[in-house]
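Read through the structure below, which is laid out as structure tokens, and then see the notes.
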2 protein chains.
Amino acid sequence: MQNGAVDAREDEKRELRLWLRLLTTTKVISQEIRRRLRREFGATLPQFDVLSQLFREPDGLRLGELSKRTMVTNGNVTGLVERLETEGLVVRQALPSDRRVTITRLTDEGRAIFQRMADAHETWLKDMMSDVDPIIVSGLLAHVDKVIHSAQRHTSDDGTPDEA
Amino acid sequence: MQNGAVDAREDEKRELRLWLRLLTTTKVISQEIRRRLRREFGATLPQFDVLSQLFREPDGLRLGELSKRTMVTNGNVTGLVERLETEGLVVRQALPSDRRVTITRLTDEGRAIFQRMADAHETWLKDMMSDVDPIIVSGLLAHVDKVIHSAQRHTSDDGTPDEA
DNA sequence: TGAAAATATTTGAAGCTTAAAATAAAATCG
DNA sequence: CGATTTTATTTTAAGCTTCAAATATTTTCA
């Protein structure tokens, strides 16, 4: 028993190690999804993300809302939506009652294409996680939530317990 | 009990939901780490990642190796290392025995600065995960590994069971 | 009302990201 | 040996990313 100290030190790095694992997981999976989205739909992951948010809001969203939901900065959403509009998947329209606001919504074509993307996307994920016991998937689902909440509470930008 | 069908459908989306949660987690945490790295060290997350890999290889790494370990494309590593060299944190040197190869290693300054970054980084993570029971962290550590392995096995680029 | 503050979005600069093409230097083998 | 293939890295083009500064437009309230 000469490495008690090492175990203790390693044990203190639990959080760090979990973080590195989470990072690796999302890198591996999102690279694969990116590849497939590009190959099969000529789309990017952020574009898919935007379409996905708009899909569940038939009345459209203002850019600020879209920015929050996709966790993409405001400036970023501008270009993202611009490109999607060029492709004919979304439309932008000014809000007459408040001329600062732009509302974006899916076009019929955008809706149809997103449907196909979403189906493929779900299949890809089931495939990539097919070696993981469903029980474990469910367990992870619950526990990862705790990490999200903890992280959000200790973050400077959102859900801030700062400035009190 | 009228929503049995809904439950079943939802249940099929376990993997999808886990994926979205993982994505949210890494976005929240990495945004915070990015912010702090920038504020406190004027560095980016990919730069931190490169430094971290070089830190554990005193003899340096060839760019291709660095690219694999950081999961960053070759072309990307070129610019990343270039900028780090400008800052004096790493040096590049050609390998005389094979003139295609470039070896990169930390400078003494790079090593010292990385030490400080790494300490801060570990603290930030402990802080962000401080509301999560250590038992759960350890459990996640093990289970997330299963997801990584499954994903890697079902991916077109690495660990390919393709082309057999 | 009209100046100041708040809100919504866009722009700009620097850097990261990918995939794919280009360059360069070995290695293979006919 | 010398042409072909492989390997290592760089370059390029398009898009994403952040933060911060700039524009517009509304709101507040003195």
Exercise. Take atom NZ in B:Lys126; do more than 12 heavy atoms of anything else shown fall under 6.0 Å from it?
Worked result: yes
Exercise. Would you say the side-chain atoms of B:Gln53 pair up with the backbone N or O of B:Thr70, donor to acceptor, closer than 3.5 Å?
Worked result: no
For this session: Indicate yes or no: does A:Asp131 engage B:Lys146 in a salt bridge with an N to O separation below 4.0 Å.
Result: no
Exercise. Is the side chain of B:Glu65 donor-acceptor paired with the backbone N or O of B:Arg62 at a distance under 3.5 Å, no angle test?
Worked result: no
For this session: Rounded to the nearest angstrom, tell me the gap between atom CG in B:Leu89 and atom P in C:dG15.
Result: 13 Å
Exercise. According to a strict under-4.0 Å criterion, is B:Arg83 in side-chain N/O contact with OP1 or OP2 of C:dC16?
Worked result: yes
Exercise. Is a donor on one side and an acceptor on the other found under 3.5 Å between the side chain of B:Ser67 and the backbone of B:Leu63?
Worked result: no
For this session: Calculate the interatomic distance between B:Gln47 atom CD and C:dT17 atom P; express it in whole Å.
Result: 10 Å
For this session: Starting from the 5' end of DNA chain C, give me the residue, B:Glu87 or B:Met71, whose nearest nucleotide shows up first.
Result: B:Glu87
Seminar exercise, completed: A:Glu82 CD to C:dT11 C1', in whole Å, measures 11 Å
Problem set entry | A:Asn74 or B:Thr44, whichever maps to the more 5' nucleotide of DNA chain C | A:Asn74
Exercise. To the nearest angstrom, how far is B:Asp49 atom CG from C:dT17 atom P?
Worked result: 9 Å
Exercise. Can you list the residues that meet the ring pair (Phe, Tyr, Trp, His ring centres under 6.0 Å) rule with B:Phe41, with sequence neighbours excluded?
Worked result: none
Problem set entry | Of residues 58-68 of chain B, the positions that come close to DNA chain C - non-hydrogen atoms, cut-off under 4.0 Å | none
Exercise. Base, sugar-phosphate, or nothing: which does B:Thr73 touch, judged by heavy atoms less than 4.0 Å apart?
Worked result: base
Seminar exercise, completed: Separation of C:dA19 atom P from A:Arg34 atom CZ, nearest Å, is 9 Å
Problem set entry | Nearest-Å distance for atom pair CG/P, residues B:Asn76 and C:dA14 | 18 Å
For this session: Walking along DNA chain D from 5' to 3', note the first and the last nucleotide with an atom under 4.0 Å from a heavy atom of chain B, and give both.
Result: D:dT7 to D:dC19
Exercise. Reckon A:Val72 touches a base, only the sugar-phosphate, or nothing at all at heavy-atom distances under 4.0 Å?
Worked result: sugar-phosphate
For this session: Say whether, by atom type as modelled, one donor and one acceptor occur between the side chain of A:Ser150 and the main chain of B:Met128 under 3.5 angstrom.
Result: yes
For this session: May I ask you to decide whether A:Arg83 forms a salt bridge with A:Glu87, counting only side-chain N to carboxylate O separations under 4.0 Å?
Result: no
For this session: Sort out for me which residue in B:Val90, B:Leu106, B:Val91 forms a side chain to side chain contact (heavy atoms under 4.5 Å, CB included) with B:Leu84.
Result: B:Val90
Exercise. Base, sugar-phosphate, or nothing: which does A:Asp98 touch, judged by heavy atoms less than 4.0 Å apart?
Worked result: sugar-phosphate
Exercise. Across the strands shown, which category fits A:Leu80 at heavy-atom distances under 4.0 angstrom: base, sugar-phosphate, nothing?
Worked result: sugar-phosphate
